[in-house]
Amino acid sequence: MFLYKIEMELQEGLSYLIVAADSDEKAFEAVEGHLIRHFTVAPEVKEAAIVEKKRLNSGAGYVVETSVSG
């Protein structure tokens, strides 16, 4: 099993999904389900890409950076 960091270009901007899956295909299949559960109305995904992939083991993880305007 792998841990995926998927970058999604939505109309509102970039979002990231961290998901565990057995294959690249299954990771992409999970995108829509997570968007439906997260948003009141699932946004349209213009583009999605795997930006990182790691073997899932104890301690595996990702840092997701956000920028704050100010």
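Just so we're clear, the structure is a prediction, and the values are computed from it rather than from any experiment.
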Minimum-distance pair of heavy atoms, taken over all atoms of Ala27 and Ala21: N-CB, 3.6 Å

In one Ile/Leu/Val/Met/Phe/Trp/Tyr side-chain cluster, 4.5 Å: Met1, Ile50: no

Residues in side-chain hydrogen bond (donor to acceptor under 3.5 Å, both in side chains) contact with Lys53, at least two apart in sequence or another chain: Asp24

Linked, directly or transitively: Ile6 and Leu3 (ILVMFWY side chains, under 4.5 Å): no

For Glu9, salt bridge (Lys or Arg N to Asp or Glu O under 4.0 Å) partners two or more places apart: none

Pair listing, salt bridge (Lys or Arg N to Asp or Glu O under 4.0 Å) test, anchored in residues 26-45, at least two apart: none

Transitive ILVMFWY cluster of Val41, excluding itself - 4.5 Å side-chain cut-off: none

Nearest non-hydrogen partners of Gln11 and Lys46, listed with the distance: CA-CE, 4.0 Å

Under the side-chain contact (heavy atoms from CB on, under 4.5 Å) test, residues paired with Leu10 that sit two or more places apart: Met8, Glu12, Ser15, Phe39, Pro43, Val45

With Glu7 via side-chain hydrogen bond (donor to acceptor under 3.5 Å, both in side chains) - residues at least two apart: Tyr16

Reference residue Lys54; test side chain to side chain contact (heavy atoms under 4.5 Å, CB included); the match among Tyr62, Phe2, Tyr4: Tyr62

